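Below: the structure, in structure tokens.
Keep in mind the model is a prediction, meaning the values are calculated, not measured. These values consider heavy atoms only, across backbone and side chains, with no hydrogens, waters or symmetry-generated copies. Start at 1 with the first residue, then count along the sequence.
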Amino acid sequence: MTLPSSSPQTKPSPTPRTAQPDPVLILGAGLMGRLLAASLLEDGHRVHLVEAAPATAPESSAAHFAAAMLAPLAESVITEASVVAQGYYALSRWPALLASLPEPVFFQQEGTLILWHRQDAGEAKRFSNLLAAVRERLPHLPRPQPLDAQALAELEPSLAGRFSQGLYLPQEGQLDNRQLLSATLAKLRQHGVEVEWGSSWDLERARAWQQQTGGWVLDCRGLGAQKEWGGQKPLRGVRGEVVRLYAPEVSLRRPTRLLHPRYPIYIAPKPGHLFVVGATEIESEDRSPVSVRSALELLSAAYTVHPAFAEARILELGSQCRPTLADNLPAVVEPSPRLLQINGLYRHGFLIAPALHDAVLEYLHHGSCRLAQQLGIPFQVQAASFPQESLSPCGS
């Protein structure tokens, strides 16, 4: 797959198919639901957004607990080329999406730092080899930069003298997920839209709304759509666990990953000396609190990166399940006309959300799947010559 140009991408034209934009019902007020709602309102659509979580606990989505790292090169060693392409596309789109919101959202592109302890040099060698193999297949990717102790200290002064070598992955970024979720809600309120919290709409009810209004339905419920998911691959949950720390004595300029034989630990700095530490990935739909084992591993890893984490304050230990398909790739399906299900973002939600967002809007406004095909987004839609229950790849 050829990666899209690194030049800034432009949002697909919002010109609707009719003079009066269709109303849109969005199921799920997580990352995708809020992003789509904010853009559709800007395009003149009437939007109704419903969310199963109660108003007393609105932030229960996987997006609320995420680290929100935008690291397509780092992820390239464990994911498909299509996700990498979507990630680089999204990096160029995030600034414009954030600029349209009424509240500021922290965003930066200072790259990713890869570290390892001496005893894990073999893991670093394996990671470097994987990156090299990826760049052979995708030569347009940025070149990782090896760091010696001096270069590392210049790049990240707070780690001077703590590591003898590392890797720098340029162009990668991150944003503040909770600021984004808050800012998108503010955008909805700005347009007079209030989320209907505590409403567990199913597709039958959504179709009834559609018959009355003639509008579109966008199903962004994540695992909430598990029993009604229309794709061929089953939808499952993959558990992730994170810890949020306040560490006033630690200063990191960029997300840092510590290579480990079982899984790499990441430390994502947020404004105000806040840090999100995570990496656990468990094939389970268990949503119980964080385990002792995970907490110990995450906190110990942070401490080995910078000893000042020993005096950090634990603000949260959080867990959530990410909606995942069998191939760990996202997908969009249209099980019935003008009803789109967007799901399977897995651990790549913030990395690829703008790509899914733009592909969905392109189809909604123009009936086109050109962007989805360019970025390798599985997109199955109703074909007029097929029975209603049949699906075909977009553009066939």
Side-chain angles (χ1 to χ4, degrees), residues 28-31 51-54 56-69 71 74-75 78 112 115 117 120 174-182 221-224 226 235-250 252 255-324 328 344-351:
L31 173 61
E51 167 58 46
T56 54
E59 302 296 5
S60 59
S61 67
H64 180 71
F65 295 96
M69 294 181 296
E75 291 293 304
I78 58 171
T112 298
L115 300 174
H117 295 298
D120 295 324
Q174 65 161 326
L175 55 80
D176 190 301
N177 56 315
R178 296 188 179 182
Q179 288 180 357
L180 173 65
L181 294 175
S182 173
R221 291 176 293 167
L223 285 176
Q226 194 170 27
L235 182 66
R236 73 188 194 281
V238 175
R239 177 180 169 91
E241 300 169 319
V242 298
V243 55
R244 291 179 69 90
L245 303 174
Y246 171 61
E249 301 303 318
V250 180
L252 292 177
T256 299
R257 298 192 181 209
L258 181 68
L259 298 181
H260 184 278
R262 281 210 307 276
Y263 46 71
I265 303 290
Y266 61 74
I267 303 173
K270 306 296 181 184
H273 292 281
L274 297 178
F275 298 86
V276 177
V277 184
T280 57
E281 190 170 299
I282 304 166
E283 284 290 342
S284 170
E285 295 183 4
D286 172 26
R287 303 190 193 190
S288 62
V290 175
S291 69
V292 170
R293 175 178 176 175
S294 294
L296 288 173
E297 290 181 336
L298 294 175
L299 294 171
S300 297
Y303 173 70
T304 64
V305 170
H306 198 301
F309 275 118
E311 297 302 321
R313 295 298 178 257
I314 299 173
L315 302 181
E316 290 180 31
L317 287 168
S319 64
Q320 185 53 273
C321 290
R322 296 160 287 199
T324 308
N328 294 345
L345 275 70
Y346 181 41
R347 59 182 281 161
H348 303 126
F350 286 89
L351 176 65

_Taking every non-hydrogen atom, the tightest pair across A62 and R322_ = CB-CG, 4.1 Å

*Can you measure from OG (S61) to CG (L223) and round to the nearest 0.5 angstrom?*
11.5 Å

*List for me each residue that meets side chain to side chain contact (heavy atoms under 4.5 Å, CB included) alongside A66, sequence neighbours excluded, and say none if there are none.*
N177, F350

Pair up each side-chain donor or acceptor in residues 305-316 with any protein partner under 3.5 Å, not counting sequence neighbours, and list the distances.
| from | atom 1 | to | atom 2 | distance (Å) |
| --- | --- | --- | --- | --- |
| H306 | ND1 | A308 | N | 3.1 |
| R313 | NH1 | E311 | O | 2.9 |
| E316 | OE1 | R178 | NH2 | 2.9 |
| E316 | OE2 | R178 | NH1 | 2.7 |

*With sequence neighbours left out, what residues match T304 under side chain to side chain contact (heavy atoms under 4.5 Å, CB included)?*
H117, L258

*Mind checking side chain to side chain contact (heavy atoms under 4.5 Å, CB included) for T112 and listing every partner two or more places apart, or none if nothing turns up?*
A71, I114, L169, E172, R257

*Would you please name every residue forming a side chain to side chain contact (heavy atoms under 4.5 Å, CB included) with P255, sequence neighbours left out?*
M69, Q108, Q174, P269

_Partners passing side-chain hydrogen bond (donor to acceptor under 3.5 Å, both in side chains) against S300 (at least two apart in sequence or in another chain)_ = none

*Could I get the full list of side-chain hydrogen bond (donor to acceptor under 3.5 Å, both in side chains) partners for Q179, not counting sequence neighbours?*
none

*What do the steps show when you test Y266 against V242 for side chain to side chain contact (heavy atoms under 4.5 Å, CB included), and what is the final call?*
CA-CA 10 Å; Y266 61 74; V242 298; 3.5 Å; yes

*Can you tell me how far CG of N328 sits from OH of Y346, rounded to the nearest 0.5 angstrom?*
4.5 Å

*Are the side chain of K270 and the backbone of R244 linked by a donor-acceptor contact shorter than 3.5 Å?*
no

_Does E75 form a salt bridge (charged side-chain N to carboxylate O under 4.0 Å, His left out) with R347? I'd like the steps, not just the answer._
CA-CA 10 Å; E75 291 293 304; R347 59 182 281 161; 3.1 Å; yes

_Can you list everything that forms a side-chain hydrogen bond (donor to acceptor under 3.5 Å, both in side chains) with S182? Sequence neighbours excluded, please._
E103

*asked:* Please find the pair of heavy atoms, one from A295 and one from V290, that lie closest to each other, and give the distance.
replied: N-CG1, 4.0 Å

*Return each pair, listed once, that meets salt bridge (charged side-chain N to carboxylate O under 4.0 Å, His left out) where at least one residue sits in residues 282-292; pairs must be two or more places apart or across chains.*
R236-E283, R239-D286

*asked:* Going by ring-ring contact (aromatic ring centres under 6.0 Å, His included), name the residues that satisfy it together with H260, two or more places apart in sequence or in a different chain.
replied: Y263

*Measure the shortest side-chain to side-chain distance between H273 and L252 over non-hydrogen atoms and say whether it is less than 4.5 angstrom.*
no

*Hey, does L299 have a side-chain heavy atom less than 4.5 Å from the side chain of L245?*
yes

_Separation of S319 OG from E241 CD (nearest 0.5 Å)_ = 6.0 Å

_Atom pair CG (L115) and CD1 (I265), whose distance is rounded to the nearest 0.5 Å_ = 12.5 Å

*Can you check whether V238 reaches T324 side chain to side chain, under 4.5 Å on heavy atoms?*
yes

*Least distance between heavy atoms, A302 atom then I267 atom*: CA-CD1, 3.9 Å

*Apply the test side chain to side chain donor-acceptor pair (under 3.5 Å) to residues Q320 and H64: give CA-CA distance (whole Å), side-chain angles for both, the deciding distance (0.1 Å), then the verdict.*
CA-CA 9 Å; Q320 185 53 273; H64 180 71; over 6 Å; no

*How far does CG of L345 sit from CG of L31, to the nearest 0.5 angstrom?*
7.5 Å

*Using a 4.5 Å cut-off on heavy atoms from C-beta on, say whether the side chain of P261 contacts that of D120.*
yes

